[in-house]
Amino acid sequence: MPAKLLDGKALASCIKEKIKEEIEAIKSKHNKALKLVSVQVGENPASEVYLKSQRKNAENLGVEYQLERLDQKISQDELIKVIDKLNNDKSVNGIILQMPLPPQINAKLISQYISPLKDVEAVHPQNMGEIVFGSAKILPCTAASCMELLNSIQDLKLYGKEAVIVGHSEIVGKPLALLLLNQFVTTTVCHIATGEKGTLPEFVKKAEILIVAVGKAGLIKGEWVKEGAIVIDVGINRVEGKIVGDVEFDKAQERASYITPVPGGVGPLTVAMLMKNLVEAFKLQV
Ligand code: NAP
């Protein structure tokens, strides 16, 4: 039997319904609409889709949305001043700093200037660090989306499962490894060195839960997927005008028990997680 699809769109709309209720409750209790500010430095066509989606989702949920477009040549000090102003503005509840940033800005350093209480993408070291202790309220959106997808599987017990994550980026693979460990999932993280050594298939074949976040179409061969595995494909690649993931979908679907489609799996959940973080951020602020 082919794997069941993990429908990110349907799950996202369920989650957004709940968030909408929370946002409305906040509005009536505190007489205030939540406000999200996105900071974009210079022009970046790739960010435009995400910005549009932020605005649309904010509007649908009754969140005030503001886009601050800054000059490509802004200095680091000037950008810090903009962030500081937003940190100190009581009407602002969430701040997003769009990546990538121009070369004169140190992205890692600048992330530390966003107030951890308004850091809705969880890029501040404090929010990242809270994941280690299992006490994080604001989670990196893509990693959190993967956990939501796993938690949406009825009767799935994560305790003791064996997971393999391919990709160890700071926004996906690393925080996800900690989130899984916090659920007592035995977690292996593969990365470029695993790929170069040629041992990636060995690890993938053992995975009861396989999560791939690399950005290379067809990296994971369908025949490597363990019978009955749960496969979450985070990758987004454009191949011959089509969006595909990192996993060979058709062959993997024949072996897996659950699999995310690309598009329509992880992607739709990330903005829902962003809005969930905004609500959590507000709770921390009050
Ligand atoms: P990233 O920062 O480029 O990280 C990619 C990771 O893959 C790195 O850890 C890299 O290792 C590893 N890697 C590269 N080649 C490999 C190989 N042959 N074997 C094993 N590991 C390998 O990317 P990212 O930001 O995490 O994003 C990953 C993918 O997910 C991209 O396609 C991105 O578009 C997509 N994405 C989707 C969503 C969504 O909403 N669906 C959100 C975020 C990202 P090294 O660092 O050691 O080189």
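Just follow the structure's listing: the first ligand is 1, and inside any ligand the first atom is 1.
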Residues in contact with ligand 1, criterion: heavy atom under 4.0 Å: T142, V166, G167, H168, S169, I171, V172, H191, I192, G195, L200, A213, V214, G215, K216, L219, V234, G235, I236, V266, G267, T270
Residue pairs involving residues 37-48 (criterion side-chain hydrogen bond (donor to acceptor under 3.5 Å, both in side chains); sequence neighbours excluded): S38-Q54, S38-Q98, N44-S47, E48-R69
Option passing side chain to side chain contact (heavy atoms under 4.5 Å, CB included) with I95 (candidates V120, N87, D119): N87
Pairs flagged by salt bridge (Lys or Arg N to Asp or Glu O under 4.0 Å) wherever residues 225-244 is involved - sequence neighbours left out: E227-R255
Residue pairs, two or more places apart or on separate chains, that pass salt bridge (Lys or Arg N to Asp or Glu O under 4.0 Å) and touch residues 174-194: none
Enclosure of N88 CG (heavy-atom neighbours >12, cutoff 6.0 Å): yes
E121 and N277 side chains, donor-acceptor separation under 3.5 Å: no
